[in-house]
There are 2 protein chains.
Amino acid sequence: MSNTSTTKALPLIEPASDAAAPCCPPLTERPFTTEEAETAARMFKALGDPVRLRLFSAVASHEGGEACVCDISDVGVSQPTVSHHLKKLKEAGLLTSERRGTWVYYRVEPSVLAAMGRLLTIAPAVT
Amino acid sequence: MSNTSTTKALPLIEPASDAAAPCCPPLTERPFTTEEAETAARMFKALGDPVRLRLFSAVASHEGGEACVCDISDVGVSQPTVSHHLKKLKEAGLLTSERRGTWVYYRVEPSVLAAMGRLLTIAPAVT
DNA sequence: GCCCTGTTTCGATAGATGTCTATGTTGAAG
DNA sequence: CTTCAACATAGACATCTATCGAAACAGGGC
């Protein structure tokens, strides 16, 4: 509500009350519809490649939750391949990118991480 | 007596009982190694197909956490294809199967779900 | 024995995917 | 303006994947 923003006061983690739960209920809640399955599968598939997973982990674990390509591109494949995988992660909504001067920085979209985590919850403890 | 019946025979491939393989730390903790990435990517990849995701969700949300194939095979593909996808999910360690009489029942491996969920946690708050 | 429920196998095929090399594009620095 | 460095894009290629139909196989109930 009014947020009471007397001062900036950055919250620990943006509440994102619903900001990014556009996808689906927990997998255990009810059988997924075709649409839900396609949406969710796109995200899982993005993390279903070892190189992408390493890139994602490198960004996610980097200081400040962001990293420039030059910091993470040592994953054993050529530079264009790195670029290609980063693009895939971006298309899946898992990463965002921003150019600052010569370098391009990638950042994790935390709300999407949370949404995927919610998919995998055992039981929402609700009826 | 004969061969190995005196004791429990040797566990060629121990069912890994539970263990559930907490394969990896959270993605945000540190950059994944190649091995970790390959292990984790195998699980994500298994859920990266819409049909498999629907099958998995159907089992996971079914009463008792298990379902027979006849209950979930209405996903728009042929019956051998359903069988093929269920096999993939089993190979990924996400499902187990058991025959009871005429029907085969699939069940979710809850510990694996938990392990995947842990991968996606933002910050483990230490131990 | 016959039938039912699944599993497996066998091509076969259309499409997706990961990788590379080569070439652009963008911005900073001479 | 030229050149270099950091990434992105484009095209080519080989491999993998999902799917099908049909048919054989395996347990279990009758």
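Order of the sequence lines sets the chain letters (A, B, ...), proteins ahead of strands, with each chain counted from 1.
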The single option from A:Leu89, A:Leu113, A:Val112 that satisfies side-chain contact (heavy atoms from CB on, under 4.5 Å) with A:Met43 is A:Val112
When you check the phosphate oxygens OP1 and OP2 of C:dT7, does a side-chain N or O of B:Tyr106 lie under 4.0 Å from one of them?
-> yes
Nucleotide nearest B:Arg52 when distance is taken to its side chain, options C:dG18, D:dA18, D:dA8 | D:dA18
Might you point out which heavy atoms bring A:Ala37 and B:Arg54 nearest each other, and give the distance in Å?
-> CB-CG, 3.3 Å
Can you tell if the side chain of B:Gln79 reaches within under 4.5 Å of the side chain of B:Ser73, non-hydrogen atoms only?
-> no
Counting side-chain heavy atoms from C-beta on, which of D:dC20, C:dT19, D:dA8 comes nearest to A:Val104?
-> D:dA8
Rounded distance [0.5 Å steps], OH in A:Tyr106 versus NZ in A:Lys90 = 4.5 Å
note: B:Arg42, atom CZ; D:dC16, atom P; distance rounded to Å ~ 15 Å
Check whether more than 12 heavy atoms from other residues, nucleotides or ligands sit under 6.0 Å from atom CD of B:Glu98, and answer yes or no.
-> yes
Between A:Lys45 and C:dA16, does any side-chain N or O lie under 4.0 Å from OP1 or OP2?
-> no
5′-ward residue of the pair A:Arg99/A:Lys87 relative to DNA chain D | A:Arg99
Contact residues, residues 67-76 of chain A to DNA chain D [heavy atom, < 4.0 Å] = A:Cys68, A:Val69, A:Cys70
Interatomic distance where CD belongs to B:Glu91 and P belongs to D:dT17 [whole Å] = 11 Å
Do any side-chain nitrogens or oxygens of B:Thr102 fall under 4.0 Å of OP1 or OP2 in D:dG29?
-> no
Take atom NZ of B:Lys88 and atom P of C:dT7, then tell me their distance rounded to the nearest Å.
-> 16 Å
May I have the distance from A:Trp103 (atom CH2) to C:dT25 (atom C1'), rounded to whole angstrom?
-> 17 Å
Would you mind classifying the nucleic acid contact of B:Val51 as base, sugar-phosphate or nothing, using non-hydrogen atoms under 4.0 angstrom?
-> sugar-phosphate
Atom CD of B:Glu38 and atom C1' of C:dG18 are separated, to the nearest Å, by 14 Å
Starting from P on C:dG24, measure out to NE2 on A:His84 and report it in whole angstrom.
-> 21 Å
Distance, rounded to the nearest Å, where A:Phe44 contributes CZ and C:dT17 contributes P | 17 Å
Nearest whole angstrom, please: distance from the C1' of C:dT7 to the OH of B:Tyr105.
-> 17 Å
Are A:Tyr105 and A:Phe56 grouped together when hydrophobic residues (ILVMFWY) are joined by side-chain heavy atoms under 4.5 angstrom apart?
-> no
Nearest-neighbour nucleotide for the B:Ser83 side chain, D:dT19, C:dC20, C:dT8 considered = C:dT8
Are any side-chain N or O atoms of B:Thr28 and backbone N or O atoms of B:Thr121, one a donor and one an acceptor, separated by less than 3.5 Å?
-> yes
Side chain of A:Arg52, backbone of A:Ala46: donor and acceptor closer than 3.5 Å?
-> yes
Among C:dT21, C:dG18, D:dA18, the nucleotide that comes nearest once only the side chain of B:Asp49 is considered | D:dA18
Confirm from the modelled atom types if A:Gln79 and D:dA6 form a donor-acceptor pair under 3.5 Å, side chain to base only.
-> no
